[in-house]
Each structure stands twice: as structure tokens, then as C-alpha cells.
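In this text the structure is predicted, and so the values were computed from the model without any measurement.
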Amino acid sequence: RLDSEMKIIGEYGLKNKREVWRVNFALAKIRTAARTLLTLDEKSEQRMFQGDALLRRMIRLGLLLESEKKLDYVLGLTTAKIMER
């Protein structure tokens, strides 16, 4: 873990490890939300509404492309993809 954090800091020019942890925490929250939505029924009103909102937010932030409008793609996000945007 320490080696991977140092590699990320060096690769993306971050100031300290707290910035890496902040990105990892945000990614964990996003992926947790997507995972809970995927457990709901596909026709569920909550899944449709919150899932669309989550996907819109990911597209607006530049983490997903317009062609990747599925919750499965949210689970595939990595720290590197967030740093590259």
C-alpha cells in the first residue's frame, strides 16, 4: 500500500498522501452507492432515479463517457482514472 501511494504521488505530482486518501475515500463512497443501487430491482423507482443522478454526476465530472451510462462502469472506476481527469 505504501509503495502504491508513493507511486501515485510521484506520477500525478501530489503534495502529500492525504490527497491520495481523499481520492480513495471519494471513490469508495461512489462505488458503495453504485453497489447498493445494483442490489435493488432494475425497475425500482429508487434505483432508476438515484442511478441516473449518479451517472449524470460521473459524466459531468468527466469520469465516464456518454457511451458508458451503466452502473457497472461506475464500479470499474479506479484511482488512476480519477487522477487523470
Side-chain angles (χ1 to χ4, degrees):
R1 186 184 75 127
L2 295 173
D3 291 338
S4 67
E5 288 174 352
M6 289 304 291
K7 183 180 173 191
I8 291 172
I9 288 173
E11 189 175 338
Y12 297 104
L14 302 178
K15 188 171 75 172
N16 53 31
K17 288 189 179 181
R18 186 177 299 137
E19 293 177 343
V20 176
W21 299 336
R22 187 182 312 138
V23 169
N24 284 336
F25 179 68
L27 181 63
K29 282 177 49 175
I30 291 167
R31 294 184 75 224
T32 302
R35 207 175 302 121
T36 56
L37 289 174
L38 281 171
T39 61
L40 299 174
D41 182 38
E42 201 165 312
K43 302 290 184 207
S44 170
E45 189 174 312
Q46 181 182 4
R47 176 176 171 169
M48 288 172 28
F49 185 74
Q50 290 181 355
D52 286 344
L54 181 66
L55 290 171
R56 260 196 320 272
R57 190 168 51 220
M58 295 300 104
I59 291 170
R60 190 180 68 222
L61 291 174
L63 299 175
L64 294 178
L65 302 173
E66 279 290 332
S67 61
E68 299 175 332
K69 283 190 118 177
K70 282 191 171 184
L71 289 174
D72 295 330
Y73 290 110
V74 175
L75 293 178
L77 289 175
T78 61
T79 306
K81 185 151 184 170
I82 291 178
M83 295 288 193
E84 286 172 4
R85 73 153 194 100

**Message:** Test: side chain to side chain donor-acceptor pair (under 3.5 Å). Region: residues 24-41. Which pairs qualify, not counting sequence neighbours?
**Reply:**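 Non-adjacent pairs meeting side chain to side chain donor-acceptor pair (under 3.5 Å): Asn24-Thr79.
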
**Prompt:** Tell me the side chain to side chain donor-acceptor pair (under 3.5 Å) pairs involving residues 65-77, sequence neighbours left out?
**Reply:**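 Every pair satisfying side chain to side chain donor-acceptor pair (under 3.5 Å) with a residue in residues 65-77: there are none.
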
**Asked** How many angstroms lie between CG in Leu77 and CG in Leu27, if you round to the nearest 0.5 Å?
**Response**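 Here the interatomic distance stands at 6.0 Å.
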
**Prompt:** Does Leu75 reach the side chain of Leu38, with side-chain heavy atoms less than 4.5 Å apart?
**Reply:**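 When only atoms from C-beta onward are counted, Leu38 and Leu75 do touch, with a gap below 4.5 Å.
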
**Request:** Taking salt bridge (charged side-chain N to carboxylate O under 4.0 Å, His left out) as the test, write out the residues that go with Glu5, two or more places apart.
**Result:**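 If we apply the salt bridge (charged side-chain N to carboxylate O under 4.0 Å, His left out) test to Glu5, skipping adjacent residues, the hits are Arg1, Lys17.
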
Donor-acceptor contacts, no H, no angles, side chain residues 47-65, under 3.5 Å, sequence neighbours left out:
residue, atom, partner, partner atom, Å
Arg47, NH1, Leu40, O, 3.1

